[in-house]
Amino acid sequence: MKHKLSIFQSIQFKIPILFILMLIMALQLISANFIRQLENQTIENFESQLDLRYEFFKSNIESIVLSDQTQVKKEEAIYQVLQDSNTTDNVSITVIDRQGYILGTNDQTKQGSVGTKSTDLRVQQASLINSNVATYQYVDETHHNRQMRLIGPVGLGENRVPEAVIVIDGDVESQYDQVQSIALIFLNASLVAIAITMVVAILISRGITKPIADMYEQTEKISEGNYSGSVKIYGEDELGQLGEAINLLSVKIRDAQESSESERQRLDSVLRHMSDGVMATDRRGRIVIVNDAALDLLNCTEEDVLGESILEVLSFPKTHSFRILLANQEQKIITMNDSVIKCDFSVIQRDSGFISGLICVLSDITEQEKIEEERRSFVSNVSHELRTPLTSIRSYTEALRDGAWQDKDVAPEFLSVIQTETNRMIRMISDLLNLSRMDQEKMALEKEFVNMNDLFNHILNRFDQIIKDEAYRTRNYTIIRDFTQTDLWVEVDQDKITQVIDNILNNAIKYSPDGGQITCRLMETHDSILISISDQGMGVPRRAIPKLFDRFYRVDKARSRAMGGTGLGLAISKEVVELHGGKIWVVSAENEGSTFFVSLPYVPFEESGEFE
Ligand code: ADP
């Protein structure tokens with residue numbers, strides 16, 4: 001906001017006042033000196049004029065005074081001298097003898113006083129004692145004006161006493177009047193000079209203040225963020241240069257502003273599109289910037305976090321202060337809304353070392369943590385699963401070595417256990433290798449169009465034979481087929497899908513200790529085929545269902561192992577089905593039986609038009 005200056009604060013006022021004050025001071029000094037000198041000079045001139053008169057009359061009157069003539073003769077002679085040299089100017093000359101008698105005067109009105117004694121006391125005294133010329137001023141009491149009087153001796157004898165004195169009175173007042181009128185002219189001239197100076201000073205100060213006011217306005221505009229205008233340049237002086245500098249500054253600030261604005265926008269868009277969450281705080285730890293990814297991770301809105309302490313937002317314990325965070329900048333792992341979040345901190349520090357805030361990058365490592373956890377449990381599972389058969393092989397081989405090999409009854413049984421365990425281990429390792437290949441996506445599917453009805457039927461025929469085996473005959477299994485009439489040609493890897501169906505059927509038999517019906521269905525939906533295999537076995541407890549397809553997961557470890565299971569069958573089946581773009585799931589109730597479903601993508605031939 002522009003602060004309005006009062007007239008007395010303004011340069012426009014100060015400069016003329018300064019000019020005038022300086023001029024008045026200069027005029028004062030000049031006039032005081034000049035008038036004094038003029039006055040002295042005038043008075044000195046007047047005095048020397050009186051002196052000249054005195055010298056003139058002295059030489060003329062001296063001989064008269066010193067002659068032996070009578071008093072009357074002398075008076076006449078003096079009168080003659082005074083008359084001859086009568087001047088028009090206002091000077092009165094009086095000659096007085098030693099006794100104070102007036103010998104003559106040039107004043108016609110005072111001719112009567114000739115021969116009488118002078119009444120002027122100072123003249124009388126001077127005539128008696130003064131042998132030198134004396135000059136002094138006095139005020140004429142009748143006219144009240146200043147007079148200058150010169151008293152000079154005439155006819156000095158040997159005792160330095162004059163015979164007579166000449167008294168010359170001059171009107172010095174007129175001289176003073178003259179000086180005064182000159183002073184008046186000087187004063188008038190000074191006043192005119194002051195007036196002219198004032199006008200000139202106002203013009204000059206306007207010439208200075210106008211560009212300054214323009215520049216002030218422009219800088220105000222710049223500070224308000226308006227860079228459109230420019231300062232008018234009035235001349236090539238310092239103010240002109242300053243104006244040009246302000247114009248250049250305005251352009252530079254605009255450029256800098258624009259580039260910092262575009263930089264900010266770029267940073268904003270980088271922050272917005274970052275998959276990692278980013279938060280920035282001020283130096284007290286209050287959040288000033290937060291991006292959408294961070295808000296998603298923390299499951300809150302911008303209003304919830306802006307201005308809040310980062311420690312509270314990240315739910316750090318109360319013992320953890322912002323100072324500690326700045327000092328350590330350690331990575332922190334926090335759990336929030338079932339997500340595991342990794343927080344990396346870095347301090348925002350200026351070149352001077354001043355810490356102006358903290359940046360926190362939040363990354364969702366939930367998946368990573370899960371994979372890591374799975375990896376750990378997988379390694380422990382594999383070691384455990386391999387150790388169990390190896391331990392039993394070792395104990396059987398030890399028993400054989402200790403002599404059991406000679407026992408014809410026990411030895412074959414021991415060797416058969418060793419063989420079973422070894423087979424199981426080989427199966428497990430080949431299962432693991434399969435899984436590992438699928439994990440690394442190395443396993444290529446050898447897809448071909450297969451008539452699923454035929455394939456499924458073929459597998460079930462094999463199982464029909466298996467359930468007739470001695471081991472299963474007592475339990476009375478029945479395999480029921482419920483197939484769609486339509487031939488379903490599906491593009492699959494025949495061996496792999498056979499493996500999946502084999503596995504589910506094997507489980508159906510394995511986990512149905514009391515035998516029962518095994519119902520196998522084959523259906524089609526508009527875009528997939530659906531295989532389902534239901535048994536009437538022990539079923540799967542509800543809590544176990546989500547984990548059923550995990551590697552090494554078994555509801556009853558002992559039973560599975562006893563059945564020669566590896567705990568990897570369903571995991572492999574799931575991988576295979578998913579590689580085909582299909583799905584596998586289970587619906588089960590404990591002690592009632594289970595139904596396993598496999599759906600595979602399917603495009604009916606009529607629609608594909610391949611055979612048209
Ligand atoms: P396994 O080699 O142990 O059979 P699978 O991966 O094939 O491994 O099966 C995992 C577990 O799922 C089995 O140990 C079993 O507990 C359970 N299971 C699989 N099929 C059935 C089923 N039809 N009925 C009941 N439980 C089943």
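Counting convention: from 1, in listed order, for ligands and their atoms alike.
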Counting from 1 in the order shown, the ligand 1 atoms closer than 4.0 Å to a non-hydrogen atom of Lys510 are 1 (P), 2 (O), 4 (O)
Residue, atom and distance of the protein heavy atom nearest atom 6 (O) of ligand 1 read Leu570 N, 2.8 Å
Ligand 1 to Gly565, heavy atom cutoff 4.0 Å, flagged ligand atoms 2 (O)
A student checking ligand 1 against Gly567 at a 4.0 Å heavy-atom cut-off should list atoms 1 (P), 2 (O), 3 (O), 6 (O), 8 (O)
Atom 16 (O) of ligand 1 has as its nearest protein heavy atom Val555 N, 3.1 Å
Note: Asn506, heavy atoms under 4.0 Å from ligand 1, region reported as neither
Ranked by distance from atom 21 (C) of ligand 1, the top protein heavy atom is Tyr511 CD1, 3.5 Å
Looking only at protein heavy atoms, what sits closest to atom 26 (N) of ligand 1 is Val540 CG2, 3.6 Å
Asp454 side chain to Asp487 backbone, donor-acceptor under 3.5 Å | no
Thr486 backbone acceptor or donor facing Thr484 side chain under 3.5 Å: yes
Checklist entry - Is it the case that Asp431 and Thr566 place a side-chain donor and acceptor less than 3.5 Å from each other? => result yes
Note: ligand 1 atoms sitting under 4.0 Å from heavy atoms of Tyr553 are 10 (C), 11 (C)
task = Quick one: sort the Trp585 and Phe597 rings into parallel, tilted or perpendicular, breaks at 30° and 60°.
result = parallel
For Thr566, the ligand 1 atoms with a heavy-atom partner under 4.0 Å come out as 2 (O)
The answer for which part of Ile504 has a heavy atom under 4.0 Å from ligand 1 is neither
For atom 3 (O) of ligand 1, the closest protein heavy atom turns out to be Ser560 OG, 2.6 Å
| message | Any nitrogen or oxygen of Asp535 lying under 3.5 Å from a nitrogen or oxygen in ligand 1? Just yes or no. | response | yes
The complete set of side chain to side chain donor-acceptor pair (under 3.5 Å) pairs with one or both residues in residues 304-327, sequence neighbours excluded, reads Thr301-Asp304
Judged by heavy atoms only, the candidate from Ile518, Asn507, Leu548, Asp431 nearest atom 17 (C) of ligand 1 is Leu548
Residue set satisfying side chain to side chain donor-acceptor pair (under 3.5 Å) with Asn457, at least two apart, ordered chain then number -> Arg481
